[in-house]
Student: 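One structure coming up, written as structure tokens, with questions to follow.
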There are 2 protein chains.
Amino acid sequence: MPGRTIGDIAKRTGTRAETIRYYERIGLLPAPARTGGNYRAYDEGHLGRLSFIRRARDLGFPLDAVRELLSLADRRDRSCAAVDAIARQHLAEVERKIADLGVLRDELAGIIGQCRQGTIADCRIIEALAPHPPGGTTRLNRPDRCAER
Amino acid sequence: MPGRTIGDIAKRTGTRAETIRYYERIGLLPAPARTGGNYRAYDEGHLGRLSFIRRARDLGFPLDAVRELLSLADRRDRSCAAVDAIARQHLAEVERKIADLGVLRDELAGIIGQCRQGTIADCRIIEALAPHPPGGTTRLNRPDRCAER
DNA sequence: TATGGACCCTGTAGCCACTACAGGGTCAAC
DNA sequence: GTTGACCCTGTAGTGGCTACAGGGTCCATA
């Protein structure tokens with residue numbers, strides 16, 4: 001047989017077959033040859049490229065960045081400054097997210113720590129979310145019928 | 001005029017009008033009365049509920065959790081154990097994300113630190129992504145035409 | 001030779017939480 | 001009466017897949 005099946009490279013790279021077809025559809029992975037029965041037949045080049053995509057994704061690079069990294073990887077004589085820039089930008093993004101989530105965690109932990117396990121009426125968590133009622137009892141307006149589908 | 005416009009409560013809560021209409025569509029915010037010109041006319045209850053949603057979202061609660069929190073907030077005599085559970089679950093999720101991103105950050109930083117700003121051919125970042133070529137030159141298979149729209 | 005089951009194919013729709021139009025209507029000020 | 005800011009509905013798009021539905025292919029076994 002003249003190549004690997006999609007299930008084979010899926011197993012080898014830890015990627016689902018649907019995802020591989022998706023990568024082909026969006027032009028990230030080149031369309032492979034087909035067998036007589038219309039099965040995709042991948043070669044080593046595909047396997048390498050898919051591994052690359054997979055590792056980049058595991059490192060959290062968005063697909064656009066992966067696309068750029070792939071096209072940069074092909075120009076072996078060029079400077080890798082562009083590669084460095086993409087990676088640094090992603091690192092900065094990851095660090096920003098960590099910082100944001102840290103703030104969130106502290107806020108949440110602070111709110112939860114105040115909960116005395118009483119009734120909802122004096123629950124600190126609800127209180128932290130509800131707009132502090134000036135008159136004492138601001139009713140939250142709830143939907144009478146759910147508009148879902 | 002018999003109520004606030006959508007633009008008004010949008011401004012007051014820092015939510016976009018489209019988002020408010022979206023919340024109405026999915027049954028999170030009750031449909032308000034309408035004016036003669038078919039404009040939505042919100043009351044204080046709506047404003048309170050939207051503020052609640054907004055704060056919960058700012059704390060990162062997914063909409064399903066917000067929905068539950070809202071329905072719990074209405075039963076003032078019940079125990080707030082369920083509220084506490086939702087909040088703790090969310091906190092755990094946030095902490096998990098922080099941990100995951102921390103691992104990612106360290107990996108990225110390690111890779112980037114090795115970049116010597118030379119050519120792509122010996123770029124450590126590309127090397128970290130590419131499958132270590134056994135024969136020396138494994139070409140990454142790139143798509144000849146991009147299948148995009 | 002029949003058949004079962006594991007795999008493969010295409011195409012479409014769904015997930016989350018919005019966001020961005022297109023194509024129109026309303027309202028108040030000038 | 002006309003401008004411009006707002007409002008309406010409905011649909012489609014975002015990222016990165018994932019999950020079908022409804023079929024076809026391939027190979028081993030009975």
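Every chain is numbered from 1, with letters handed out A, B, ... down the list of sequences.
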Student: N/O contacts under 3.5 Å, protein versus nucleotides 6-10 of chain D?
Tutor:
from: D:dC7; atom 1: OP1; to: B:Thr5; atom 2: OG1; distance (Å): 3.2
from: D:dC7; atom 1: OP1; to: B:Gly7; atom 2: N; distance (Å): 2.6
from: D:dC8; atom 1: OP1; to: B:Arg40; atom 2: N; distance (Å): 2.8
from: D:dC8; atom 1: OP1; to: B:Arg40; atom 2: NH1; distance (Å): 2.9
from: D:dC8; atom 1: OP2; to: B:Arg21; atom 2: NH1; distance (Å): 2.4
from: D:dC8; atom 1: OP2; to: B:Arg40; atom 2: NH1; distance (Å): 3.3
from: D:dC8; atom 1: O5'; to: B:Arg40; atom 2: NH1; distance (Å): 3.4
from: D:dC8; atom 1: O3'; to: B:Arg34; atom 2: NH1; distance (Å): 3.3
from: D:dT9; atom 1: OP1; to: B:Arg34; atom 2: NH1; distance (Å): 3.3
from: D:dT9; atom 1: OP1; to: B:Arg34; atom 2: NH2; distance (Å): 2.9
from: D:dT9; atom 1: OP2; to: B:Arg40; atom 2: NH1; distance (Å): 2.9
from: D:dT9; atom 1: OP2; to: B:Arg40; atom 2: NH2; distance (Å): 2.7

Student: Looking across every strand, which nucleic acid part, if any, lies under 4.0 Å from B:Phe61 by heavy atom: base, sugar-phosphate, or nothing?
Tutor: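 The answer is nothing, as B:Phe61 stays clear of every strand by at least 4.0 Å.
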Student: How close or far is atom P of C:dC7 from atom CZ of A:Arg16, stated in whole angstroms?
Tutor: 14 Å
Student: Without decimals, in angstroms, what is the distance between A:Arg57 CZ and D:dT18 C1'?
Tutor: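 Rounded to whole Å, this separation is 14 Å.
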Student: Going by heavy atoms closer than 4.0 Å, what residues in residues 87-102 of chain A are next to DNA chain C?
Tutor: none
Student: With respect to the side chain of B:Thr19, which nucleotide from C:dC18, D:dC17, C:dA17 is positioned closest?
Tutor: C:dC18
Student: Nearest whole angstrom, please: distance from the P of D:dG15 to the CD1 of A:Ile53.
Tutor: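 Atom-to-atom, A:Ile53 to D:dG15, this comes out as 16 Å.
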Student: Is any side-chain N or O of B:Thr35 closer than 4.0 Å to OP1 or OP2 of C:dT26?
Tutor: no
Student: Using atom CD1 of A:Ile26 as one end and atom C1' of D:dT14 as the other, report the distance to the nearest whole Å.
Tutor: 13 Å
Student: Using the side chain to side chain contact (heavy atoms under 4.5 Å, CB included) criterion, which residues pair with A:Ala82? Sequence neighbours excluded.
Tutor: A:Leu72
Student: Pairs of donor and acceptor atoms involving the side chains of residues 94-110 of chain A, under 3.5 Å and at least two apart or interchain, shall be tabulated with distances.
Tutor:
from: A:Arg96; atom 1: NH1; to: A:Asp100; atom 2: OD2; distance (Å): 2.9
from: A:Arg96; atom 1: NH2; to: A:Glu93; atom 2: OE2; distance (Å): 2.9

Student: Specify the closest pair of heavy atoms between B:Ile126 and A:Ala73, including all atoms of both residues, with the distance to one decimal.
Tutor: CD1-CB, 3.9 Å
Student: Does B:Ser79 have any side chain to side chain donor-acceptor pair (under 3.5 Å) partners at least two apart in sequence or in another chain, and if so, which?
Tutor: none
Student: Note the angle between the end axes of the helix from C:dT1-D:dA30 to C:dC30-D:dG1, five pairs defining each, rounded to 10 degrees.
Tutor: 30°
Student: Under a 4.5 Å cut-off applied to non-hydrogen side-chain atoms, are B:Val66 and A:Leu129 in contact?
Tutor: no
Student: Sequence neighbours excluded, which residues qualify as salt bridge (Lys or Arg N to Asp or Glu O under 4.0 Å) partners of B:Arg40?
Tutor: B:Glu24
Student: Who pairs with B:Ala17 by side chain to side chain contact (heavy atoms under 4.5 Å, CB included), at least two apart in sequence or on another chain?
Tutor: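 Side chain to side chain contact (heavy atoms under 4.5 Å, CB included) list for B:Ala17, sorted by chain: B:Ile6, B:Arg21.
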Student: Take the protein atom CZ of B:Arg4 and the nucleotide atom C1' of C:dC27, then report the distance between them rounded to whole Å.
Tutor: 19 Å
Student: Return the set of residues passing side chain to side chain donor-acceptor pair (under 3.5 Å) with B:Arg88 (not counting sequence neighbours), or none when no residue passes.
Tutor: B:Asp84
Student: In this structure, how many angstroms lie between the P atom of D:dG15 and the CZ atom of A:Arg67, rounded?
Tutor: 10 Å
Student: For A:Arg34, give me all partners under side chain to side chain donor-acceptor pair (under 3.5 Å), at least two apart in sequence or on another chain.
Tutor: A:Asn38
Student: Of the nucleotides D:dC17, C:dA20, C:dC18, which one has an atom closest to the side chain of A:Tyr22?
Tutor: D:dC17
Student: Scan for ring pair (Phe, Tyr, Trp, His ring centres under 6.0 Å) pairs involving residues 81-122 of chain A, sequence neighbours excluded, and state none if there are none.
Tutor: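 Applying ring pair (Phe, Tyr, Trp, His ring centres under 6.0 Å) to every pair that reaches into residues 81-122 of chain A, excluding sequence neighbours, yields A:Phe61-A:His90.
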Student: Can you list the residues that meet the side chain to side chain donor-acceptor pair (under 3.5 Å) rule with B:Arg54, with sequence neighbours excluded?
Tutor: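 Testing B:Arg54 for side chain to side chain donor-acceptor pair (under 3.5 Å), a comparison that skips the adjacent residues, returns B:Asp58.
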